[in-house]
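Every heavy atom of this structure was used, including side-chain atoms; hydrogens, water molecules and symmetry mates were not. As the structure is a prediction and not an experimental result, all values here were calculated from the model. A, B, ... follow the sequence lines: proteins, then strands. Residue 1 opens every chain.
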Amino acid sequence: MIDVNVSLGFWPFQDTASLTAAKLVKYHREEHIAGALVSSTEAILFPDPDIPDAALFKKLDRYPTLSPVKTINPTLIGWEDSLDDFIQRGAVAVKLYPNYHSYSLADTAPRALMAELNRRRIPVMIAIRIEDERQHFPLMRVPPVPFEDIIELSAAFPRVPVIVLNAYYREIIGMPPGRKNLFADIAFAEHPDTVAEIVKRVPSKHIVFGSHTPFFTLRAERNKMRFASISPQDISRIADQNAIRIFRIE
Amino acid sequence: MATIIDIHVHHHLGEESTSSPVPVQPLIEQAARVGIGHLNLLGNLFRFGVNPTADHVREINTVTINQVASRPNILGGFCYLNPELDVTFLEDEIARCIVNGPLSGIKLEIDVNCRDRRLDTIMDVAANLHVPVLHHSWYISTGLQEHASDPADIADLATRHPNTTIIMAHLTGVGMRGVRDIQPFPNTLIDTSGGQPVSGMVEYAVNRLGPERIVYGSDTIVRDFACQIGKVTGAAIPSRYKDMILYQNARRLLNPDRRRKVQS
């Protein structure tokens, strides 16, 4: 199994900093997870994501099963150099937080980034949210990224794999059929027999396993797959085959 | 391992007839796959919207009674009440559902805030019968519903009724502040139901309240049994605490030998 939605680092409203890369690898062994895509939690709020990302990438050097993901804020001057630099350091994908970085996906800057990702054939992950809106710290209520904006972006750049992270069940089942480059993870989705219900409505080739570790309990997320009443083919696609194809994992 | 008890299950949310055309069997089978052998049904609470009439409350509870009666080894249930209604109705409904019926506790939702003194009769009867009261609660950043209760309200209720066992619902929803709100009240437990599987919350509640004051619940039919169980089994706490949370504490609360019949 490949977990596409993991982060390491400090978050002010939850004890996420306790999870180290070493502990993460240990939990993965216990939960039969072969690898993960990992971004920096601090890159969400820190004014220059390059700084926490540099620390993260250095940490992950020792852990071959953990693949680093670069957070880009395309409104920052010089994002092109950041992208170039971190691709050379081994970034397998780019992650965007339009809501926390205060831009719309319709703006010029993210469009320019998408054009560059298209040129370089790099997938983009867009986190709709970090926390359930009902639980936000009252003085820091950040609205979710509109799903329709992500759908439109995926249509505008059909050759760039767009992976939506942290969408609710009702958002995922609203994904337009036939959009080849659009994918969603299951971290925030929940329904009795979550994955089976999703797969009834969205082909499994568009779904990936993402746990939102360490914000969410890994066992709970892993259980969604462990007890899903779906075919072995669907399990295989969601567990790792889709991620291997999208992120060109060897 | 002994069978897991899920103290917080709704079947179904939405419109249905009194005989429920939506069979409960698929839910039982899904629960069994993850080791849950006892579902505590809390009623189809929003079938008639907020603040239902006496007839509506009676209909909701009749469905629960019928379901429990049909599968008493697997299903239990609580009597849902709207404290806005006449005291005589409330007492009669408790008698119908619990004293003379198969239900083993009381469910309160968002119809009346729990600081309201209209809850007092319900709480006193529950104490006399030795049955728990499971009360919805949440700290919501997006704005609480008009009469909904938050954990500070539950703490007020616990202060007024120290002899009534209260189960405050929704550990993730009440958060750390909510856990601290009820920490001083040994008569108040918390269920793990609902909300995302936020890490660290079960561990926090164990540290603050002790494992004996936490009970597992899922909040199905809006949640996934396997995911909600994983909140507990995936927590960094000793196995014996997980057993307490998953079934021992609930077994103690729902033990019919604890219940005392009201002399008519």
From B:Thr3 atom OG1 to B:Ile5 atom CD1, the distance as rounded to the nearest 0.5 Å:
7.5 Å

Below 4.5 Å, heavy-atom pairs only: which of B:Thr220, B:Val202, B:Ile229, B:Ile140 has the largest tally toward chain A?
B:Ile140

Just by distance, no angles: are the side chains of B:Asp111 and B:Tyr80 close enough, under 3.5 Å, to form a donor-acceptor pair?
yes

Examine the side chains of B:Ser141 and A:Arg134 and answer whether a donor and an acceptor come within less than 3.5 Å of each other.
no

A:Glu42-A:Trp11 side chain donor-acceptor pair, cut-off 3.5 Å:
no

Look at A:Lys224, A:His212, A:His136 and state which one has the largest set of heavy-atom pairs under 4.5 Å with chain B.
A:His136

Describe, in one word, how the ring planes of B:His136 and B:His170 are oriented to each other, choosing from parallel (under 30°), tilted (30 to 60°) and perpendicular (over 60°).
perpendicular

For chain B, which candidate among A:Asn223, A:Thr16, A:Leu218, A:Thr213 shows the most heavy-atom pairs at distances under 4.5 Å?
A:Asn223

Is a donor from one side chain sitting under 3.5 angstrom from an acceptor on the other, for A:Asp185 and A:Asn5?
yes

Residue from B:Gln228, B:Arg223, B:Met176, B:Lys231 scoring the most non-hydrogen pairs under 4.5 Å with chain A is B:Arg223

Heavy-atom cut-off 4.5 Å, strictly under: side chain, backbone, both or neither for A:Ala189 against chain B?
neither

Side chain, backbone, both or neither: which part of A:Glu133 has an atom under 4.5 Å from a heavy atom of chain B?
both

Quick one: what part of A:Phe188 sits under 4.5 Å from any heavy atom of chain B, side chain, backbone, both or neither?
both

Max heavy-atom pairs within cutoff under 4.5 Å with chain B, candidates A:Asp193, A:Asp132, A:Asp15, goes to A:Asp193

When only pairs under 4.5 Å are counted, which of B:Ala235, B:Gly200, B:Gly234 shares the most heavy-atom pairs with chain A?
B:Gly234

Who among B:Gly173, B:Gly175, B:Ser218 has the most heavy-atom pairs with chain A under 4.5 Å?
B:Gly173

Using non-hydrogen atoms and a 4.5 Å limit, figure out which bit of A:Phe215 sits close to chain B: side chain, backbone, both or neither.
backbone

If one checks every heavy atom of A:Phe13 against chain B at 4.5 Å, the contacting part turns out to be neither

Ring-face cation contact, A:Tyr168 with A:Arg129, 6.0 Å cut, 45° max
yes

Would you please classify the geometry between the A:Phe183 ring and the A:His206 ring as parallel, tilted or perpendicular, with 30° and 60° separating the classes?
tilted

Under 3.5 Å side-chain donor-acceptor pair for B:Tyr247 and B:Asp6:
no

Does any backbone or side-chain atom of B:Phe225 lie under 4.5 Å from a heavy atom of chain A? Answer side chain, backbone, both or neither.
neither

